[in-house]
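Quantities reported herein were computed from a predicted structural model and do not represent experimental measurements.
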Amino acid sequence: MHYRIYLPCLMALALGSCGNNQSEKRIANAGKLDTVNTAYKQPVNLPAPFATKSVAHFSKVIGWPAGKTPAAPAGFEVIKFADNLQNPRWIYIANNGDIFVSEAETVPGGTLKQISNVLSGKSKSQNLGSSANRITLFRDTNGDGKPDFRSVFLTGLNQPFGMLIIGRTFYVANTNGLMAYPYSYGQSKITAQGKQILELPAGGYNNHWTRNIITNKDSSKLYITVGSGSNVGEHGMENEERRACILEVNPDGTGEHIYAYGLRNPQGMGWAPGTQTLWTAVNERDELGDELVPDYLTSVKQGGFYGWPYAYWGQHEDPRMKDKQQPEMVKKSLVPDISMGAHTASLGLAFDDKQLFPGKYAGGAFIGQHGSWNRSTLSGYQVAFVPFRNGKPDGAPEPFLSGFIADENNSEVYGRPVGVAIAKNYMLVADDASNTIWCVIPTAGK
């Protein structure tokens, strides 16, 4: 049986090729990230499903002691950009340098409330409760990572996440729809009534309420991420219509079609420097064991199907589908480019497209890893780095911004990084659990 979510995508697949004939070369990476290939980075020796028991192992956020910051490599300085926010999850930087931060959080209720009751410890791992539902504006006139202006920019939203400015329009991706507001550069507050130009399926499994948005080079299209409504389709595929996908629409919200699908929870998006290739960071499924399924960073092929919920990492069938399995979908499943490690909650993504950072970091991808709950030892809890050259990956993932884990034996963490954005002089990292924005400033010459 075929569900409607996949019908337009199957047509797109029929019109294009999903194959790739690049040669493979294995390399090892650092830390807890999987071994990968340099061309279509497939982890080797994936364990069998349930090779280890699925565990609920939540971290406990204790906050940052005075004077302590995350750690960056030599040649970088880390300072606190802002604090006293309410679950700052995503950052958007306008062309004029204005910095917008969306503040929203998971609101327990319905299925999530049931999950929270079963998975005790969740409330110690993240902010849960009353969502701020606002966007805060920062300005840093001196460009030194110490903002001299801060104000509430927009309120009355519904779990806002992604933000975007095109011309005289300020877009906000609420969990339930795409909003458009009249806007002028330099404006310090929006009071005008916005208009919902596209309805989106609200909420979702766990933290899959987040909706990101970006545009292409000529601002002719918008791309919107929508996470799944379940872990692995357990509520029925009719519940997954227009989910687990990236939508493409016109700037006025019309002309919607599914750009790519089978992406369980795509979040960060970006264009590889010097290319027209869209990339995304994807948070994969839970409860198959410690090392399954790897989160990933991947280029996005228009019309491409990336496996969820039928298969993972190419054509590895998810055993939980059983009588719901669709072999023809398994055959279409594409292998992602780069493994970011299982349960790392790889969410944020920013390319250094302005060559701000020195040496190997110039032009690379930075991925905010919010951190695990479904692994016996903590994984993620860092900003990872993937080098790029000529618009393509040029090495394995490695830690970039670390030090978020305070005491691994006691599962204590200072905070949890998510959104990553690169301004004119520095990188900003949203640490939602500690209500902080961190600033990473390059100090070494390029």
What's the shortest heavy-atom distance between [X] and [Y], and which atoms?
X	Y	result
W279	S299	CE3-N, 3.2 Å
D218	S220	OD1-OG, 2.6 Å
E291	A342	C-CB, 3.5 Å
N87	A104	ND2-O, 2.7 Å
Q159	N133	N-OD1, 2.9 Å
I165	Y92	N-OH, 3.1 Å

Short side-chain to backbone donor-acceptor contact, [X] and [Y], under 3.5 Å:
X	Y	result
D295	S346	yes
N410	E412	no
N174	L157	no
N250	D252	no
S372	S379	yes
N216	K221	yes
T52	D290	yes
Q369	G371	no
T175	G203	yes

Counting C-beta onward and ignoring hydrogens, is there a side-chain heavy-atom pair between [X] and [Y] closer than 4.5 Å?
X	Y	value
P251	T215	no
H343	D286	yes
R243	W308	no
F149	S188	yes
Y296	V335	no
V226	P201	yes
S228	E240	yes
S59	L378	yes

When you check the side-chain N and O atoms of [X] and [Y], is any donor under 3.5 Å from an acceptor?
X	Y	result
Y306	T298	no
R264	N231	yes
H57	S411	yes
T141	R139	no

Output the distance between atom [atom1] ([X]) and atom [atom2] ([Y]), rounded to the nearest 0.5 Å.
X	Y	atom1	atom2	value
T136	I437	OG1	CD1	9.5 Å
S151	K189	OG	NZ	8.0 Å
S219	I214	OG	CD1	11.0 Å
I224	E256	CD1	CD	7.5 Å
H257	C245	NE2	SG	10.5 Å
I246	L222	CD1	CG	13.0 Å

Could you tabulate the donor-acceptor pairs under 3.5 Å formed by side-chain atoms of residues 417-431, not counting sequence neighbours?
from	atom 1	to	atom 2	distance (Å)
N425	ND2	G143	O	3.0
Y426	OH	D140	OD2	2.5
D431	OD1	R416	N	2.7
D431	OD1	S434	N	3.4
D431	OD1	S434	OG	3.2
D431	OD2	W64	NE1	2.9
D431	OD2	S434	OG	2.8
D431	OD2	W438	NE1	3.1

*Ring centers of F404, Y414 separated by less than 6.0 Å*: no
*Quick check, are the ring centers of Y310 and Y312 under 6.0 angstrom apart?*
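No; Y312 has its ring centre 6.0 Å or more from that of Y310.
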Should the ring pair [X] and [Y] be called parallel, tilted or perpendicular, given that the plane angle runs from 0 to 90° and is split at 30 and 60?
X	Y	result
Y183	F170	tilted
F305	Y261	tilted
F76	F400	perpendicular

*Can you spot which of V232, D318, N374 makes a side-chain contact (heavy atoms from CB on, under 4.5 Å) with L288?*
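Per the side-chain contact (heavy atoms from CB on, under 4.5 Å) rule, the option paired with L288 is D318, out of V232, D318, N374.
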*Would D432 and H370 count as a side-chain contact (heavy atoms from CB on, under 4.5 Å) if you check the C-alpha gap in whole Å, the side-chain angles of each, and the deciding distance to 0.1 Å?*
CA-CA 9 Å; D432 63 347; H370 201 222; 2.9 Å; yes
*Go through the steps to decide whether L200 and N176 satisfy the test side-chain contact (heavy atoms from CB on, under 4.5 Å), and finish with yes or no.*
CA-CA 5 Å; L200 296 170; N176 66 332; 5.8 Å; no
_Run W271 and L278 through side-chain contact (heavy atoms from CB on, under 4.5 Å) and show every step you take._
CA-CA 5 Å; W271 304 94; L278 180 64; 3.6 Å; yes
*Decide yes or no on side-chain contact (heavy atoms from CB on, under 4.5 Å) for R134 and Q86, but give the supporting numbers first.*
CA-CA 9 Å; R134 67 173 175 248; Q86 187 175 335; 3.8 Å; yes
*Can you spot which of T280, T210, N283 makes a side-chain hydrogen bond (donor to acceptor under 3.5 Å, both in side chains) with Q267?*
T210
*For D353, what residues pass the side chain to side chain contact (heavy atoms under 4.5 Å, CB included) criterion, not counting sequence neighbours?*
P273
Only pairs under 3.5 Å count here: list side-chain donor-acceptor contacts from residues 78-85, not counting sequence neighbours, and write none if there are none.
from	atom 1	to	atom 2	distance (Å)
K80	NZ	D83	OD2	3.4

*Atom CD of E199: over 12 foreign heavy atoms under 6.0 Å*: no
*Option from F388, F357, F351 for which ring pair (Phe, Tyr, Trp, His ring centres under 6.0 Å) with F366 holds*: F357
